[in-house]
There are 2 protein chains.
Amino acid sequence: MRLTTKGRFAVTAMLDVALYAADAPVTLAAIAERQRISLSYLEQLFGKLRRNGLVDSVRGPGGGYQLARAPQDMTVADIIRAVDEPIDATQCGGRENCHDDRRCMTHELWAGLNAHIFVFLRGVTLADLVRQQRPKDHEVVVMQDHRTLPSAVAADVL
Amino acid sequence: MRLTTKGRFAVTAMLDVALYAADAPVTLAAIAERQRISLSYLEQLFGKLRRNGLVDSVRGPGGGYQLARAPQDMTVADIIRAVDEPIDATQCGGRENCHDDRRCMTHELWAGLNAHIFVFLRGVTLADLVRQQRPKDHEVVVMQDHRTLPSAVAADVL
DNA sequence: CGATTAGTTGACTAATTTATTCGGGAATTA
DNA sequence: TAATTCCCGAATAAATTAGTCAACTAATCG
């Protein structure tokens, strides 16, 4: 699980679709305008999102993109994984230069850490983000274990 | 909280220090050899780790690096934050082009998500990783809430 | 049908980040 | 003094991210 701005763009764009594609599909041009993301970059991202079955596309006038599944069945992990194709992270591809007996210390390490981060991000659905977006009060994302956290912490996190 | 290979390298290197600098400091050359990371890259990373007070350096023969604090007082979040300096992630720097009334949707979104990921990574200490490293059985990182997870999940996570 | 709207694709470029290489320092130990 | 090791900066290569462009296909509307 990698976490870069690319994945963030994708989640932001998907949230835009979730918010605005209720009746009619939304065009990439509209997303680009609202979220200030370059149209061509969105084209690349939505190409992947479509091929991964997260959105459906409608061509022609009045066309655009819609969610392929209900927002509560779509997680942040799904989105990030769709656009941010993974790296090996264990730098031994599972086999090669695992050397000096205690081979590939990092393998187990990152496999475990990856799994945890993945489980965490899989616990946040697009519906959660939509819910957070609607009300004006400063509520915060709900995690899979239903604990919350004051968004004030965010300041010194970045 | 960004999550890239750079941060992984840093965590791996710090884990190496935690494992091998029990009595004497470890040299970057030794880490480079064991973990297959370029020496000069390690120098850059450890420059940041040192300036952020995570390691102490000892010059001259027999010198090297040691942990500045006990492993149980050093978290993965500390390490990643030290080397992976943050980006704005809200693409409005907190002020500027937040436009069209519902300004900067992404701000709240990523602030919240960031906070959660940060809290999670702050819950994993270097001591946890060391503990995981020692035994031969396939145990897994312990999270801050002390739940565990089979590392089998890691496969379809990447 | 013809025009327009939008998705689809691929190639290409620029900017940024990641990783490495090199060359010299300065501190410490023996 | 000589060897070791951290320290620093510049230069470079490789990879990723972000954006641009152009040609094309499909669908709709008049």
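Below, read A as the first sequence line, B as the second, and so on, with proteins coming before strands; counting in each chain starts at 1.
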From [atom1] of [X] over to [atom2] of [N], roughly how many Å is that when rounded to an integer?
| X | N | atom1 | atom2 | answer |
| --- | --- | --- | --- | --- |
| Leu49(B) | dC8(D) | CG | P | 14 Å |
| Leu28(A) | dT5(C) | CG | P | 16 Å |
| Glu33(B) | dT5(D) | CD | C1' | 17 Å |
| Ile37(B) | dT18(C) | CD1 | C1' | 13 Å |
| Ile31(B) | dT20(C) | CD1 | C1' | 17 Å |
| Asp56(B) | dA27(C) | CG | C1' | 16 Å |
| Leu3(A) | dT16(D) | CG | P | 16 Å |
| Lys48(A) | dT8(C) | NZ | P | 15 Å |

As a test of reading the structure: which of [options] is closest to the side chain of [X], going by heavy atoms?
| X | options | result |
| --- | --- | --- |
| Lys6(A) | dT18(C), dA18(D), dT21(C) | dA18(D) |
| Asp84(B) | dT17(D), dG7(C), dT18(C) | dT18(C) |
| Phe9(B) | dT8(C), dT21(C), dA19(C) | dA19(C) |
| Tyr41(B) | dT17(D), dT5(D), dT20(C) | dT20(C) |

Measuring from [X]:[atom1] to [Y]:[atom2], what's the distance to the nearest 0.5 Å?
| X | Y | atom1 | atom2 | result |
| --- | --- | --- | --- | --- |
| Arg36(A) | Ile31(A) | CZ | CD1 | 14.0 Å |
| Leu126(A) | Arg131(A) | CG | CZ | 10.5 Å |
| Met14(A) | Leu45(A) | CE | CG | 11.0 Å |

_Toward the 5' end of DNA chain C, by each residue's nearest nucleotide, Ser38(B) or Gly62(B)_ = Ser38(B)
Set of side-chain contact (heavy atoms from CB on, under 4.5 Å) partners for [X], sequence neighbours left out:
| X | result |
| --- | --- |
| Ala77(B) | Met1(B), Thr75(B), Phe118(B), Leu121(B), Arg122(B) |
| Gln44(B) | Tyr41(B) |
| Ala24(A) | none |

It should be established whether [X] places a side-chain nitrogen or oxygen under 4.0 Å from OP1 or OP2 of nucleotide [N].
| X | N | value |
| --- | --- | --- |
| Thr4(B) | dT17(C) | no |
| Ser57(A) | dA6(C) | no |
| Tyr65(B) | dC7(D) | yes |
| Thr27(B) | dT4(D) | no |

*So, the side chain of Asp84(B) versus the backbone of Ile80(B): is there a donor-acceptor pair under 3.5 Å, distance only?*
no
*Without swapping roles, check the side chain of Asp128(B) against the backbone of Thr125(B) for a donor-acceptor pair under 3.5 Å.*
yes
*Taking the six-membered ring of Tyr65(A) as reference, does the NZ or CZ atom of Arg50(A) fall below 6.0 Å from its centre and within a 45° cone about the axis?*
no
*With sugar-phosphate meaning primed atoms plus P, OP1 and OP2, does Leu39(A) contact a base, only sugar-phosphate, or nothing at under 4.0 Å between heavy atoms?*
nothing
*So what does Phe46(A) hit on the nucleic acid, given a heavy-atom distance under 4.0 Å: a base, only sugar-phosphate, or nothing?*
nothing
*asked:* Quick test of your reading: applying salt bridge (Lys or Arg N to Asp or Glu O under 4.0 Å), list the pairs with at least one residue in residues 55-79 of chain A, sequence neighbours left out, ordered by first then second residue.
replied: Arg69(A)-Asp78(A), Asp78(A)-Arg81(A)
Scan nucleotides 9-13 of chain C against the protein and return all N/O pairs shorter than 3.5 Å with their distances rounded to 0.1 Å.
| unit_1 | atom_1 | unit_2 | atom_2 | d |
| --- | --- | --- | --- | --- |
| dT9(C) | OP2 | Arg50(A) | NH2 | 2.8 |
| dT9(C) | OP2 | Arg51(A) | NH1 | 3.4 |

*Sugar-phosphate atoms are those with a prime plus P, OP1 and OP2; base atoms are the rest. Using that split, label each nucleotide of nucleotides 23-30 of chain D B, S or - for protein heavy atoms under 4.0 Å, 5' to 3'.*
--BSBB--
